[in-house]
> 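Here it is, the structure, as C-alpha cells.
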Amino acid sequence: MMRVAQKIRIYPNPEQQQQLAKAMGCCRFWWNYALNICNQTYKETGKGISRSGLNALLPELKKEHEWLKTDVYSQSLQQTTLNLSRAFINFFEKRARYPKFKSKHGKQSVAFPQHTSIQGDDLKLPKIGLVKAVFDCRYAGKIKTITISKNSTGRYFASIIYEVEACFRSGNGDKILGIDLGVKDFAIVHDGTKTSKYANPKHLKKYARNLARKQKKLSRKQPGSNSRQKAQKIVAKVHARISNSRQDFLHKLSRKLVNESQVIVVENLLARSLAPYGGAGSLVNVRGLVLNHKLAKAISDCGWGTFVNFLSYKLDREGKKLIEIDRFFPSSHICPECLTQQPKMDLSVREWICLNSACNTRHDRDEAASKNIRAEGIRMLKADGSAVSVSGGSVRQDRGRKTKVMQHPVKLETTTSSR
Ligand SMILES: [Zn+2]
C-alpha cells in the first residue's frame with residue numbers, strides 16, 4: 001500500500017464554518033498548550049514528552065475546559081498531538097525548525113483521522129456533516145485522513161490522504177486484452193497471441209460449502225434464542241471471510257491484467273446474464289430459463305460486476321482504456337478465423353468446429369469468445385480514432401488521456417466486414 005494526497009476546495013455553509021472555526025480553535029489551543037508543556041519539560045529535564053504522555057493530559061484538560069469536549073471531535077485533538085510529536089521528530093532529525101506556536105491570525109486547520117467519507121460531491125466529516133466539495137479527479141483508495149484548512153483569505157480546503165495499492169504506476173504493458181468472463185473458469189484472456197484461463201479460486205468453493213452448513217445450522221435454531229444469535233454471528237463471519245478472499249482474488253487478477261495492458265475489452269455484463277446463448281433474439285425455452293437463472297446466480301457469486309469495476313478504475317487511474325462491447329455482440333458463436341457466424345450453441349458445448357467448409361477450424365468455446373471480444377474492441381477503438389496496431393497487438397495512446405468507450409451499439413454487419 002502507498003499513500004496519495006489530494007487537495008480540493010470545499011464550501012462549508014455558514015453554520016459549518018462556525019463549527020469548523022470552533023474545532024480549529026480547539027486544535028490550536030491544544031497545540032499551543034502541549035507545545036508550551038514540552039518547552040517547559042525540556043528546559044527542566046532536558047527531555048521531551050511522548051505522544052501518549054501528551055494525550056494522557058487531555059482528560060484533565062477537558063474537565064477544565066468543557067468546550068474541548070463539545071466543540072471538537074476528540075480524534076482531531078489526538079491528531080494534533082500526533083502532528084506535534086512529528087514536528088518534534090522532524091526537528092530532532094534536522095528536517096525542520098523548532099515547532100512554533102500557532103496564531104489566531106494564521107492558517108487554521110483541523111484533521112479528521114476517522115469516520116470520514118466521500119458521498120457524491122460532498123465530504124462527510126464527523127460532527128460537521130456533509131460539506132460541499134469540488135473534485136478535479138477521484139481516487140479509488142481508502143481515505144486515511146482529511147485535514148480541513150482555512151487560509152488567510154477565508155478560503156477552505158480539504159487535504160485528503162488516501163491509501164492506494166502499492167503498484168500504482170507500475171504497469172507498462174502494451175497489450176490489448178480481450179476478456180471473456182466464464183462460469184467454469186472465472187476469466188479467459190486473449191492477448192493477441194495466446195489465451196490464458198484464470199480459474200475461480202478453489203478456497204471460495206470450500207468456504208461456500210462451509211457457509212451452507214452453518215446456514216443450515218442457523219435455520220434449525222429457535223427464533224429469539226441465544227444460540228440463534230450465536231449462529232447468526234458465525235454465519236456473518238463466514239460471509240465476511242468469503243467476501244474478503246473474493247475481493248483479494250479480484251484485486252490481484254485485475255492488477256495483473258492492467259499491468260500487462262493498455263486496453264482491456266470486456267463484454268457488457270448484462271450481456272451474460274440476459275443472453276447466455278449469445279444473442280438478443282435467442283429463443284427462450286424452459287430449459288433456457290433454468291440455465292439462465294443458474295447462470296445469473298453464478299455470475300453474482302463470481303463477482304463479475306466488482307471485477308469489471310476494479311478493472312475500470314485501475315485502468316482509468318493510469319490513463320488506460322476499458323472498452324465494454326455491446327451485449328448483442330455474438331462473441332461466443334463467430335469463428336475468429338473466418339468470421340462466419342455459427343448456429344446458436346448450448347452452454348454445455350465446450351468445443352466446436354467452424355461450419356465454413358473452407359475453414360473448418362476447431363475452437364475452444366471460451367477461447368474463441370475472448371478472441372472475438374478482443375477483435376470487436378479493436379474495431380471499436382479504430383472507430384473511436386485511436387491508433388491501433390492489430391498485428392502487433394499494441395495500441396499507441398497518449399499517456400494520461402482518460403477516455404472510455406462504453407456501450408456503443410454494434411451491428412454484426414460492420415463486425416464481419418471490418419477485417
Ligand atoms: Zn471459420
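Predicted, not measured: the structure shown is a model, and the values here were computed from it. Read the numbers this way: they start at 1 and go in the same order the structure lists the ligands and their atoms.
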> Is the backbone of L250 close enough, under 3.5 Å, to the side chain of S254 for a donor and an acceptor to pair up by distance?
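Yes; judged by distance alone, with no hydrogens or angles, the pair exists.
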> W30 versus L58: any side-chain heavy-atom pair under 4.5 Å?
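A side-chain contact exists here, since the closest heavy-atom pair is under 4.5 Å.
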> Do L177 and V265 touch side chain to side chain, with heavy atoms closer than 4.5 Å?
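They are not in side-chain contact.
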> How many protein atoms of type N/O/S are positioned less than 2.8 Å from the Zn ion (ligand 1)?
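Protein N, O or S neighbours of the Zn ion (ligand 1) under 2.8 Å, waters not counted, come to 4.
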> Between D316 and K320, is the closest basic N to carboxylate O distance under 4.0 Å?
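No salt bridge links K320 with D316.
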> Not counting sequence neighbours, which residues clear ring pair (Phe, Tyr, Trp, His ring centres under 6.0 Å) with W352? List them please.
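If we apply the ring pair (Phe, Tyr, Trp, His ring centres under 6.0 Å) test to W352, skipping adjacent residues, the hits are H363.
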> Any donor-acceptor pair under 3.5 Å linking the side chain of S225 with the backbone of K221?
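Side chain of S225 to backbone of K221, a donor-acceptor pair under 3.5 Å: no, none is there.
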